[in-house]
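All remarks here apply to the structure that follows.
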Amino acid sequence: MKLFIWNILLGFVWVTLTGNFTGSGFLAGFIFGYFVLVFVCRVSGSTAGYTRKIPQGIGFTLFYIWELIMSNMRVAYEVLTPSHGMRPGVIGLPLDARSDAAITILANLISMTPGTLSIDVSSDNRMLFIHAMHIDDEDALRADLKDLERRVIELLS
Amino acid sequence: MIEWVTLATMLILVLALVLTFVRLVVGPSLADRVVALELIALIAVGIMIVYAIQVERAAFLDVALVLALTAFMAAVGFARFLERGGSGHNE
Amino acid sequence: MNPEVALPVVIPFLFGSLSIVLYKSNAAQRWLGVIGTGALLIASIILLHNTYTHPDGVLTIALGEWEAPFGIVLVSDLLGAVMVVMAALMGFAVAIYSLATMGSEHEKFGYYPLLHLLLSGVCGAFLTGDIFNLYVWVEVLLVASFALLILGGERAQMEGAIKYVTLNLLSSIMLLTAVGLTYGMTGTLNMADLVGRFAEIENQGLVTVVAMLYLVAFSIKAAAFPLFFWLPASYHTPPVAISALFAGLLTKVGVYALYRFFSLLFTQDTGYTHEILLWIGGFTMVTGVLGAARYYEIRRILSFHIVSQIGYMFMGLALFTPLALAGGIYFIVHNIVAKSNLFLIGGVIYFLRGSHELKEVGGLWRERPWLGIMFLASALSLAGIPPLSGFIGKYMLIRAGVEAESWGIVAVALGVGMLTLYSMVKIWAEAFWKEQPEAHAERAAQFERTISERSLAIMYLPVALLAILAVLLGVGMQPVYEVLMAAAEQMRDPQIYVDAVLGGDE
Amino acid sequence: MSETLTAIIMLLGALLVLIGAIGAVRMPDLLLRMHATTKAGALGTGLIAVAAAIFFVDTGVTVRSLAIVAFVILTAPVAAHMIGRAGYFTGAPLWDKTLKDELRQRLDRHGHYLHSGLEDTDDTPRSDRDSQ
Amino acid sequence: MEPLMAFVVGGMFAASIYMMLRRSLVKLVIGLILLSNAANLLIFTVSGMHRGLPPLIAEGALLPEGGWADPLPQALILTAIVIGFGVLAFAVVLIHRAYEVVKEDDLDKMRSTDT
Amino acid sequence: MLLAVLSGFIVCLLAPWLTRSLGDRANWVLALAPAALFVYFLGWVPEIAQGEAITIHYPWIPGLEINMSFLVDGLSLLFALLISGIGTFIIIYAGGYLHGDERLPRFYAIMFAFMGSMLGLVLSDNIITMFVFWELTSITSYLLIGFNHEDRNVRWLALQGLIVTVGGGLALMAGLLMLAVAAGGEFTLSGILAADGIHEYPFFIGMLLAILFGTFTKSAQVPFHFWLPNAMAAPTPVSAFLHSATMVKAGVYLMARLNPALGESELWFYMLGIFGALTMLTGSIMALRSTGVKAILAYTTIMALGTLTMLIGIGTEGAIIAAMTFLLAHALYKAALFMLAGALDHETGTKDVTKMGGLRKLMPITFIAACVAALSLAGLPPLFGFIAKELMFEAVLEADALTTFLAILAVLSAIMIVTMAAVFALRPFLGERKETPKTPHEAPLSMLIGPVILATLSLIFGLAGFIPAAALVQSAVGAVYGEPIAVELYLWHGFNLPLMMSIAAVALGLVLFWKWDAALALFKRLTFIDRFGAERGYERFMDAIVAVAEWQTRLLQNGSMSNYLITIVLTIVGLTGWTLLVHTDTPIPLGVMDFNVYEAVIAALVVAGALFASVTSSRLGAVATLGIVGFGIALIYVLFSAPDLGTTQIMVETLTVILLVLVLFRLPGFLNYSAPATRIRDAVVALSLGGLMTLLILAVNDVTVTDPISDTLVEWSEPEGHGRNIVNVILVDFRALDTLGEIFVIGLAAIGVYAMIRFRAEDKAK
Amino acid sequence: MNAMDSLILRTATRFLLPLLLIFSLFVLLRGHDEPGGGFIAGLIAAVAFSLYLFAFDASGTRKLMWMDPRPMLGWGLFIATLSGLPALFQGKAFFAALWWPVHVPGIGSVTLSTPLVFDIGVYMVVIGSVMAIVLALAEAEE
Ligand code: NA
Ligand code: NA
């Protein structure tokens, strides 16, 4: 099922790339996508499962873009103000998320949100290490991050 | 109007390019340089898009797309280099 | 449309790529090696025959049916066809020789595909009528030679390869630059088309300037003075079959290109350009032969002689009379045969004695007189001793020099001939006449035991073939002479070439 | 109208990129610089791509522009993670005003294992994350 | 633009040669890469530079709209880039292997095959 | 005739096989070949004696005027008879001398090859064919001198002979070609001799010197005489045949042959006269210093060669008669003496004449034959040598100039020759019997038949001078002089100055023989002759070549990559730049600077990146900067309408960086290997190339192209090429062959890389 | 454990790999009309495989590629060369392009041509060559 959605997705990518929004164009894309998937899945096993909820995904994308804009304004402020009023530090965030996809999305989102940057996940995948521009209020920061994690887990559940 | 804006955008982007280049030159660590290189790739993507707008030729967007797709490979490559024991400092 | 013109390129491409596909089977690759080079030889002889018997003496094929000057044309005139035959001959000889001498590791890592593709690059360079396409062929053969050079991964190979690769790349880039400038000046890439377009350029001096860039680029490839460094630094490092192939073919591509460019395209100011060629030729002869005088390692001696002999080829082009040009081409032909054969014989010596050092080998005249005779035929030919092939070449060049009253180059050419003889006799006296030195007798015996008589017979086959050819080229010169004079006359009259390519007689 | 919108978004994007560049020059350590470049660079470029989509008013172009946006936003954090962790582990110095570092001591001697610090707590079932 | 590019190309040639003369294996190969790029730019420059005229034909048209930048040098450079890539990939691995075998980065210490 | 000349080579091919199958009798059977030739040539005598000159023509390489044309006249016939006649005896003799030697098949083969070459040389009408045979005699001679090649010294001496004669041969080649040009493109001797205007050739002197260089080296004239005695390292049959009777006379032959064409010049007279006379004297003096039987003969051969040269130089009727007579006489007695010397050496095991004595009873036939031949050598009646010597004195006295000088030298040398003839003929045989390494007895028949017959001929010809005069000498003289001359040879020619000179010479010579041991000791002390001799010069010359080679190779091929690069770059800049400055008439225009600021900034960043990469000491910094250079170039491609190029550049740049980082971490960082001065030098070199490229672009930019071929390609692209991306249509269709080549390059590079990485690795694993 | 082991990179690669591959096919097939072509497409595919190599390992990448790079490049060269030959049978010169418009139900009119076959050969050569180099290097490292 997952793969079928992937296949449809790739067909869609094909259509958009070719700009040929017709049934035959999609069919061609679907076929090409099928072969690509057959090819890829021989080795790398199943792909990801986070594409199941497309509407939720769209909502999430909007959220993500919003976060992006916010983070940029924050960064812009820091960059442009003359004195560095930052209080940076590296903190470890214990993870509730368990799937690779969830952890990856979370890490990437954190990198894109204001003042935080994922550095790495511990080898047992239970701790995410984050560099933050401001850790004056560490608890609030952790709360924000946990909130983000919750949204991601929800999206992928 | 759009001519002036594209020109202004271009100028801003090349200014960004110059600044990033400074970081690339200054370093000091390899990771700093790679960060600069990544940004330069992004700026180049931007320049190509603005140029496509300027000359009204969408074909140049394809180049930007390829660059967007592959630019991060350099970062991955450098990261691999560092993690495999290459020294990241002035050497 | 003459499909046979493309065959010398297509055949090695097909066999080369098939050999890559069949990379797991050494046996299949060996078969493909002999069959492919044999087919190439047959095709090239047919090409030469058809070219020679054609009323214009020029055959062309416009690839993809895109007529000249818009598409790429392959052109077989006599100069090109003769060179292709020589390349194919060398390829065939080396392919046979390799059956007995190439290690299975070399085969496993692509020796045969590289051999085919080197030949395709060489043949393509000889046949193309398009300057950018020439660059491509030069790169094909160059990269093939890179790979052949390092096959085995010895320390010396690596060190030699660094110089070889760097300096040849520099030359390729100069060539590319020159091609770019040519297109920028004329808007064409077709050689025949360039003849007319160069003539239309107002600032004729600029054409000569670009000619100089080509001159340098090709002179590096040809290993002329003072640009030859890469050759003595590397040619002695790979297995000897590869050295033989290199010796026979690679520098000749540079020389061929100079012949092509400085007879077809750059004849605006021969008083200047060809005078420079003459000086380069003289210095090349002297520095090469002196380099050889210094060494006691067979392959190094031979490598420096390659350089030296290139000088004679320059001399033929520089004097630029029909006799001189024919002599120059003849010199190329003869040199391919004699020099490659000497390398192959050097290989036989190695397999019998375990060394390339003259001080460590000996006793071969007593034990293997036939090898000695084949060596003498090739070595004396190289030294220009009559009636072997080298003499005729030298005779034609010296005679052309005397007729042109170019005394300096005549004197140099003669003196260098004598030093060449000195080197050849050095090898003869040490490897053949001298007794096997006691200190190295054990290793020699060991090597001689490991080489089977069957392998030795396979090695003798191409060696004998080339030795006989060295004699025949001298003694049975008349038909060769007629072909070469016709080639030289073609070179002296570019209009024949231009009409054949652009005339649209199809 | 669309031209004006194009102009505004494009300029905004360019300015964001410029901010990223300034950050790259001005910020005091590697990780802080990456805060600037990753976010500002990605969004700035994305905005410019959006501007193109608006300008050309053509589905093919729109799709390509959006593909650029998607790719930039997808790859930028991955790249940032790779460089950041590599730079960090190979000892890029942190700014002297950095308050705390919970990561440094978690890496084992050979750099082959990153401890979570939670190893002795109970282990939750593994997902398929180890498969490869 | 061409006169400006003339200086750019000249500068690149100079930089690459200077780099190749540094005796270091690594610099040698980087210099070669630069040199190859410089030659490509040279071709691009001397065959004329035009803004906004890609040699692409719109669907249904027979010629590029509003003129075209010369496509032939572009094809040549593309070929040259690819060839350069192949050759330089070889060169890169060569210096790597040479260093492994010879254990020496200084080119002037690699003389055994000459002397 | 062709068969006659080539028979030597045919027998050469058969000889090894015949020798093996015939065993001990091989020499007798093989000797039939030269004997048959001798008879064949004798058949020509009646016709030629009438003064006929016959040319025979077989085409070989007519295009190059290299043909098997032969000229049979008195001169060539005389030589042909000597070669085949003496050759017959030599082959027989060799069978005895080298009896049981396993290399005999090889020996015969080379001997016959030589014989064929020698015949070809003297019979050729075509000068190039003659030269071909000339060189072949040098090569075969080399192989024969080095017959005992396991001896280091022998190899060295063989090389010496080869270098001198081939070196001279090369000059001769130039001289002959010049002669052909001077004769208006005539490549036959008959044609050249008939041609006018050779003396008006502007390079006549050079031509003459080149030819004489060739003939002097071959005929061992001073100062090239040293190789000949050294050639005595060869087995005696070789010395007898090549180095006395035939090959060394090739130079004399050619001078005689060309005498009608070149002999009128003063230079000819002085060169031949002076060098001939000096050679004559040198040969005699050196003979006097020698004790080896073969060495004595070798030096007297030099004397004879000098005499012949001198006589040809004098060039008067009498001189030419003397020369031809002397030539014949010398061939007869010297071949006999050499074979006898070989017999002595073979039987006693020593070559030193002072270590032999009292052999007359053990070797009576040898003794008598030696006496007869030596009498001829000494120029005593009634032998043929006497006639020759008298004619020589006569000719010297008739010389146009230098008469006294030549006469004194002639007498001096005659004195010493008498001494040495006596030494050779008497010392080993008379006196007390001395112990020798081997116990001597008479030599076998095969070794005696030749000397006996030849010595007898010396006697017969002396007594009956009209026989050789009519049959051989007269026609030969005619050929050399250029017009017919009547020749009569008599023992008694009146009581005149030459006879007095002879008597004086014989008397003084015998006195010297009396005191020879003392003279020998005295002469041996004159070591300066060795120190300053020509041989030393040869050695110096060879050493100098090796030294120059060393120096030059150290200078050029010194292994320093930077030096190589600098040389090449400066050559590029020198040749191209010089041409640009001198050969273009218009100054280079800067062109129109129309560019946008952002374009300029991007372009500047490309250069800045390149410059930074070249000066940075950070290796990875350089790679990262390479990245920006690549992206910058991609931007330039895009900004100037080349999207495909931009895309390709980006992809290639990315992959290059990937490759670099894959390999770089094994390599050390940048070290700075060069001093500041070196860096300045390098910067200058680099900037010169950069500057050149800038100028080239500006110059080419000034040239306007009217209709590039690409316009047609653009027009064809959609209708004919079915593609709208013109660049791609060019790549896969219009210029598909380029692309095919390109992918083969990529594939080849991959194969090479794979081999580089895996070859040794798998090696080690085993 | 791999020193390069990054969960984030691995997961992202699984996602990016199909996208890059389909993009490369896309660039290959439309190259005759828009920017692109076999070479660029091949490089994109090679970058995709290299990404996989960096995220995972060499043996995994070999398995992923299905065909060993060396025969792949050999086949590519062979196919590209062969694509020049059919013209001979029509009496035309080597590399004369042949076009066969085909109607495929569901996809529409597709034009098969020798230049397309040629471009596919190029594509295979580029992938095979680049991956042969990269994999050999990576394996030497491991
Ligand atoms: Na050669
Ligand atoms: Na121009």
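Numbered from 1 within each chain, the chains take letters A, B, ... in sequence-line order.
Both the backbone and the side chain of F:E715 come within contact range of chain E, judged by heavy atoms closer than 4.5 Å. With a threshold of 4.5 angstrom between heavy atoms, E:A38 does not approach chain F through any atom at all. For F:V615, the parts sitting under 4.5 Å from any heavy atom of chain E are the backbone and the side chain alike. Both the backbone and the side chain of F:N596 come within contact range of chain E, judged by heavy atoms closer than 4.5 Å. Neither the backbone nor the side chain of F:A608 has a heavy atom closer than 4.5 Å to any heavy atom of chain E. Only the side chain of F:I633 comes within less than 4.5 Å of a heavy atom in chain E; its backbone stays farther off. With a 4.5 angstrom heavy-atom cutoff, F:V753 touches chain E via backbone and side-chain atoms both. Contact of E:A61 with chain F is made through the backbone alone, with heavy-atom distances under 4.5 Å. If you measure heavy-atom distances from E:L41 to chain F, the contacts under 4.5 Å come from both the backbone and the side chain. Using a 4.5 Å cut-off between heavy atoms, F:V569 touches chain E through its side chain atoms alone. Of the atoms belonging to F:Y564, it is side-chain heavy atoms, and not backbone ones, that fall under 4.5 Å from chain E. Neither the backbone nor the side chain of F:L696 comes within less than 4.5 Å of any heavy atom of chain E. When heavy atoms are compared at a cutoff of 4.5 Å, E:L88 does not approach chain F at all. Only the side chain of F:L626 has a heavy atom closer than 4.5 Å to any heavy atom of chain E. For F:L713, the part sitting under 4.5 Å from any heavy atom of chain E is the side chain, from C-beta outward, and nothing else. Within the 4.5 angstrom heavy-atom criterion, only side-chain atoms of F:I709, from C-beta onward, approach chain E. Heavy atoms of E:L4 lying under 4.5 Å from chain F belong to its backbone as well as its side chain. Heavy atoms of E:L76 lying under 4.5 Å from chain F belong exclusively to its side chain. At a 4.5 Å heavy-atom cutoff, F:R554 makes no contact with chain E through either its backbone or its side chain. Within the 4.5 angstrom heavy-atom criterion, atoms from both the backbone and the side chain of E:E59 approach chain F. Using a 4.5 Å cut-off between heavy atoms, E:F44 touches chain F through its side chain atoms alone.
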Could you go step by step and tell me if F:D733 and F:E720 meet the side-chain contact (heavy atoms from CB on, under 4.5 Å) rule?
-> CA-CA 10 Å; F:D733 200 346; F:E720 310 273 333; over 6 Å; no
Check the pair E:F85, F:L655 against side-chain contact (heavy atoms from CB on, under 4.5 Å), reporting the backbone distance first and the verdict last.
-> CA-CA 9 Å; E:F85 171 70; F:L655 274 167; 3.8 Å; yes
Please walk me through it: do E:S47 and E:D70 pass side chain to side chain donor-acceptor pair (under 3.5 Å)?
-> CA-CA 7 Å; E:S47 36; E:D70 193 340; 5.8 Å; no
Could you please spell out the steps behind the side-chain contact (heavy atoms from CB on, under 4.5 Å) verdict for E:E2 and F:I697?
-> CA-CA 8 Å; E:E2 288 90 346; F:I697 296 171; 5.7 Å; no
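Distance alone, capped at 3.5 Å, is enough to place a donor-acceptor pair between the E:R97 side chain and the F:M756 backbone. Using a distance-only test at 3.5 Å, with no hydrogens or angles considered, a donor-acceptor pair links the side chain of F:T656 to the main chain of F:V652. A donor-acceptor pair is defined here as one N or O able to donate and one able to accept, closer than 3.5 Å; no such pair exists between the side chain of F:T616 and the backbone of F:F612. A distance-only check finds no donor-acceptor pair linking the side chain of F:N701 to the backbone of E:V46 [under 3.5 Å]. In this structure, F:T694 contributes its side chain and E:A6 its backbone to a donor-acceptor pair below 3.5 Å. The main-chain N or O of E:L21 is never found under 3.5 Å from a side-chain atom of E:K27 such that the two would form a donor-acceptor pair. Put simply, the side chain of F:S641 gets close to the backbone of E:L53: a donor and an acceptor are under 3.5 Å apart. Between the E:S16 side chain and the E:F13 main chain, a donor and an acceptor come within less than 3.5 Å of each other. Formation of a donor-acceptor pair under 3.5 Å by the F:S717 side chain with backbone atoms of F:G723 is found in this model.
Most heavy-atom pairs under 4.5 Å with chain E, from the set F:S562, F:G747, F:A749, F:A686: that is F:A686. Of the residues considered (F:M561, F:Q649, F:R724), F:R724 shows the highest number of contacts with chain E, using heavy-atom pairs under 4.5 Å. Taking chain F as the reference chain and counting heavy-atom pairs below 4.5 Å, the highest number among E:V87, E:L62, E:V9 is found for E:L62. The choice from E:T45, E:L56, E:L25 that makes the most heavy-atom pairs within less than 4.5 Å of chain F is E:L56. Note on F:L731, F:L689, F:L692: by heavy-atom pairs under 4.5 Å with chain E, the leading option is F:L731. Looking only at heavy-atom pairs under 4.5 Å with chain E, the residue among F:T739, F:I746, F:D682 that has the most is F:D682. The candidate with the highest count of non-hydrogen atom pairs below 4.5 Å against chain F, out of E:I95, E:I77, E:I57, E:V82, is E:I57. Across E:H96, E:E100, E:R51, the residue that shares the most heavy-atom pairs under 4.5 angstrom with chain F is E:R51. When F:R735, F:M651, F:R679 are compared by the number of non-hydrogen pairs under 4.5 Å with chain E, F:R679 comes out ahead. Highest contact tally toward chain F, considering only E:A91, E:P55, E:A69, E:A80, is held by E:P55 [criterion: heavy-atom pairs under 4.5 Å].
Looking at F:D738 and E:T79, their side chains never bring a donor and an acceptor atom within 3.5 Å of each other.
Considering all non-hydrogen atoms of both residues, F:V714 and E:P64 come closest at CG1-CD, 3.7 Å.
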